[in-house]
Asker: 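I'd like to ask some things about the structure below.
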Amino acid sequence: MDYIPAKTIVTKTKSDAWFGIDYNMNIYKGCCHGCIYCDSRSECYRIDDFDKVRAKENALMIIRDDLRRKVRKGVVGTGAMSDPYNPFEKELLLTRHALELVDAFGFGVSVATKSTLMLRDGDILESIKEHSPVLLKVTVTTTDEDLAAKIEPGAPGPGERLNMVAALNDRGIFTGILLMPVLPFLEDSRDNVLSVVREARKAGARFIYGAMGMTMRGSQREWYYDRLRELFPDKKLPERYMGTYGNRYECPSPKARALWESFANECERYGILYRMKDIIHAYKREYEVTQLSMFDS
């Protein structure tokens, strides 16, 4: 494992609109899931050799000092730039020990991952849940195991991830699905989207947050097109993307409106939250009530 220097790790977000997260925490740089669509490959992030995972030097000491200096408690998000549960985490335990610090300093946590290794830390997540909000987001964009193996070759299959969602919800931890990106011309069928919703329901998912399309920008776009040519040589997908989107950053599915309507109707049918404001309110609700009660007393 290579280590890179860092002065701070837990940083204030510009807005809490994204899942009510107040702080970002990225312990690792790079990822080895190999997802062909990953936005973190974009040149604006200046991550060389993105498929090589590196850890931040003295991460736990820096996180401890960062949390200790925070005047305001809040929800610490992790998993935005690299998966906090990459294979090296099994031995390094940096994410686990960082969660212990989050717990000790009285913060909440929001984790995004594709890795079933998060199950290992269920005990700490339960401990944090006793005093602060916990939100767990597991990315599942298709239930097709063969397709997932092509577009997310280093990640556990969707069935394994859904089993983790079920196990965490059984422990009373607020867990749901990120249905994003939905890749145009590959995943943007009504059958695929509704299959994710139905399997998420079986797993007891508390929410599904979806985006019917993807984003593309410099470096990432070229990488994505190269993988499409390699994996789907007969579909001429790069040509379809270029003809449809050109160099646009936001690339919604041509069927986005109809897909969203079907998605929303299915979530309503099963009582699954899917609007951002409702998800934030639901996972923070009991803690806000507790805090108000303490203030009134």
Asker: Just how far is it from atom NZ of K277 to atom CD1 of I280, taken to the nearest 0.5 Å?
Answerer: 10.0 Å
Asker: Show, in sequence, the C-alpha distance, side-chain angles and deciding distance for M214 and V182, and conclude whether the side-chain contact (heavy atoms from CB on, under 4.5 Å) test is met.
Answerer: CA-CA 6 Å; M214 66 180 301; V182 173; over 6 Å; no
Asker: Find out if a path of hydrophobic residues (ILVMFWY) with successive side-chain heavy-atom gaps under 4.5 Å connects M242 to F232.
Answerer: yes
Asker: Cut-off 3.5 Å, side chains only: do Q220 and Y37 have a donor facing an acceptor?
Answerer: no
Asker: So, the side chain of Y28 versus the backbone of S82: is there a donor-acceptor pair under 3.5 Å, distance only?
Answerer: no
Asker: Counting C-beta onward and ignoring hydrogens, is there a side-chain heavy-atom pair between M216 and D39 closer than 4.5 Å?
Answerer: no
Asker: Looking only at side-chain N and O atoms, does R41 offer a donor or acceptor that is under 3.5 Å from a partner on S219?
Answerer: no
Asker: Does a donor on one side chain and an acceptor on the other come within less than 3.5 Å for D103 and H131?
Answerer: yes
Asker: To the nearest 0.5 Å, how far apart are NZ in K150 and SG in C35?
Answerer: 15.5 Å
Asker: Within this structure, what is the CD-OG1 distance for the pair E100 and T95, rounded to the nearest 0.5 Å?
Answerer: 11.0 Å
Asker: Could you see if I124 belongs to whatever hydrophobic cluster contains V75? Use Ile, Leu, Val, Met, Phe, Trp, Tyr and a side-chain cutoff under 4.5 Å.
Answerer: no
Asker: Would you say M180 ends up clustered with V111 if hydrophobic residues are merged whenever their side chains have heavy atoms under 4.5 Å apart, either directly or through other cluster members?
Answerer: no
Asker: Please enumerate all residues that pass side-chain hydrogen bond (donor to acceptor under 3.5 Å, both in side chains) together with R227, with sequence neighbours excluded.
Answerer: E230
Asker: Would a distance-only check, ignoring hydrogens and angles, find a side-chain to backbone donor-acceptor pair under 3.5 Å from N58 to M61?
Answerer: no
Asker: Output all residues satisfying side-chain contact (heavy atoms from CB on, under 4.5 Å) with N169, sequence neighbours left out; order by chain, then residue number.
Answerer: V165, T175, R206
Asker: Can you name the nearest heavy-atom pair linking V102 to I128, along with the distance?
Answerer: CG1-CD1, 4.0 Å
Asker: Take E91 and R120 through the salt bridge (charged side-chain N to carboxylate O under 4.0 Å, His left out) test and state the conclusion after the steps.
Answerer: CA-CA 12 Å; E91 301 297 330; R120 178 200 66 188; over 6 Å; no
Asker: Under a 4.0 Å threshold between the charged nitrogen and the carboxylate oxygen, would K129 count as salt-bridged to E126?
Answerer: no
Asker: Are the side chain of D83 and the backbone of Y85 linked by a donor-acceptor contact shorter than 3.5 Å?
Answerer: yes
Asker: For the residue pair Y283 and F207, is the inter-centroid distance of their aromatic rings smaller than 6.0 Å?
Answerer: no
Asker: Spell out, as yes or no, whether a donor-acceptor pair under 3.5 Å connects the side chain of E152 to the backbone of H33.
Answerer: no
Asker: Got L99 and V109 here, is their nearest side-chain heavy-atom distance under 4.5 Å?
Answerer: yes
Asker: For the residue pair Y23 and K70, what are the closest heavy atoms and their distance?
Answerer: CE2-CD, 3.6 Å
Asker: Test salt bridge (charged side-chain N to carboxylate O under 4.0 Å, His left out) on E89 and R96; report intermediate values, then the result.
Answerer: CA-CA 8 Å; E89 166 62 21; R96 180 173 177 83; over 6 Å; no
Asker: List the steps, then state whether side-chain contact (heavy atoms from CB on, under 4.5 Å) holds for T113 with T139.
Answerer: CA-CA 6 Å; T113 187; T139 301; over 6 Å; no
Asker: Between I36 and W223, which heavy-atom pair has the shortest distance, and what is it?
Answerer: O-CD1, 3.5 Å
Asker: With salt bridge (charged side-chain N to carboxylate O under 4.0 Å, His left out) as the test, would you mind laying out the steps for K236 and E239 before giving the verdict?
Answerer: CA-CA 6 Å; K236 297 185 177 180; E239 291 77 9; over 6 Å; no
Asker: Roughly how far, to the nearest 0.5 Å, is the CG atom of L168 from the CG atom of L119?
Answerer: 5.0 Å
Asker: Counting C-beta onward and ignoring hydrogens, is there a side-chain heavy-atom pair between D188 and L183 closer than 4.5 Å?
Answerer: no
Asker: Check for a donor-acceptor pair, side chain of S115 on one end and backbone N or O of N86 on the other, with a separation under 3.5 Å.
Answerer: no
Asker: Closer than 3.5 angstrom, by distance alone: can the side chain of S127 be matched with the main-chain N or O of D123 as a donor-acceptor pair?
Answerer: no
Asker: If hydrophobic clusters are built by linking Ile, Leu, Val, Met, Phe, Trp and Tyr wherever their side-chain heavy atoms come under 4.5 Å apart, do L135 and L179 end up in the same one?
Answerer: no
Asker: What's the shortest heavy-atom distance between Y245 and S253, and which atoms?
Answerer: OH-CA, 3.8 Å
Asker: Please tell me whether K137 and S110 have a donor and an acceptor in their side chains that are separated by less than 3.5 angstrom.
Answerer: yes
Asker: Passes side-chain contact (heavy atoms from CB on, under 4.5 Å), I208 versus V197? Steps please.
Answerer: CA-CA 7 Å; I208 307 173; V197 175; 4.0 Å; yes
Asker: With heavy-atom distances below 4.5 Å as the criterion, would you say the side chains of I9 and N26 are in contact?
Answerer: no
Asker: Can you tell me how far apart CZ (R161) and NZ (K114) are? Round to the nearest 0.5 Å.
Answerer: 6.5 Å
Asker: Identify the heavy atoms of A200 and I177 that sit nearest to each other, and give their distance.
Answerer: CB-CG1, 3.8 Å
Asker: Under 30°, 30 to 60°, or over 60°: which ring-plane class applies to Y209 and F19, parallel, tilted or perpendicular?
Answerer: perpendicular
Asker: Please give me the minimum heavy-atom distance between A282 and L273, naming the atom from each residue.
Answerer: CB-CD1, 3.5 Å
Asker: Between C31 and D51, is there a side-chain heavy-atom distance shorter than 4.5 Å?
Answerer: no
Asker: Got a sec: does the NZ of K12 have more than 12 other heavy atoms crowding it under 6.0 Å?
Answerer: yes
Asker: Can you classify the ring geometry of Y225 versus Y241 as parallel (below 30°), tilted (30 to 60°) or perpendicular (above 60°)?
Answerer: tilted
Asker: May I have all residue pairs that pass salt bridge (charged side-chain N to carboxylate O under 4.0 Å, His left out) and include part of residues 250-262, sequence neighbours excluded?
Answerer: none
Asker: Taking atom CZ of R217 and atom OH of Y224, what is their separation to the nearest 0.5 Å?
Answerer: 15.5 Å
Asker: Is the closest side-chain heavy-atom distance between M81 and K29 below 4.5 Å?
Answerer: no
Asker: Could you tell me whether a side-chain N or O of T13 sits under 3.5 Å from a main-chain N or O of D22, the two making a donor and an acceptor?
Answerer: yes
Asker: Establish, from distance only, whether the side-chain atoms of T11 and N24 form a donor-acceptor pair under 3.5 Å.
Answerer: no
Asker: Does D66 use its side chain to pair, donor to acceptor, with the backbone of V10 at less than 3.5 Å?
Answerer: yes
Asker: Whether the side chain of R54 engages the backbone of Y3 through a donor-acceptor N/O pair (distance < 3.5 Å, no angle test) should be reported.
Answerer: no
Asker: Going by side-chain contact (heavy atoms from CB on, under 4.5 Å), E187 matches just one of V193, L259, I151, V196. Which one?
Answerer: I151
Asker: Going only through I, L, V, M, F, W and Y residues with side-chain contacts under 4.5 Å, is there a path from V134 to L117?
Answerer: yes
Asker: Report the C-alpha separation of H97 and I63 in whole Å, then their side-chain angles, then the decisive distance to 0.1 Å, and conclude whether the side-chain contact (heavy atoms from CB on, under 4.5 Å) test is met.
Answerer: CA-CA 10 Å; H97 292 322; I63 291 168; over 6 Å; no
Asker: So, the side chain of N192 versus the backbone of T141: is there a donor-acceptor pair under 3.5 Å, distance only?
Answerer: yes
Asker: Are any non-hydrogen side-chain atoms of W260 and Y274 less than 4.5 angstrom apart?
Answerer: yes
Asker: More than 12 heavy atoms of other residues, nucleotides or ligands under 6.0 Å from CZ of R190: yes or no?
Answerer: no
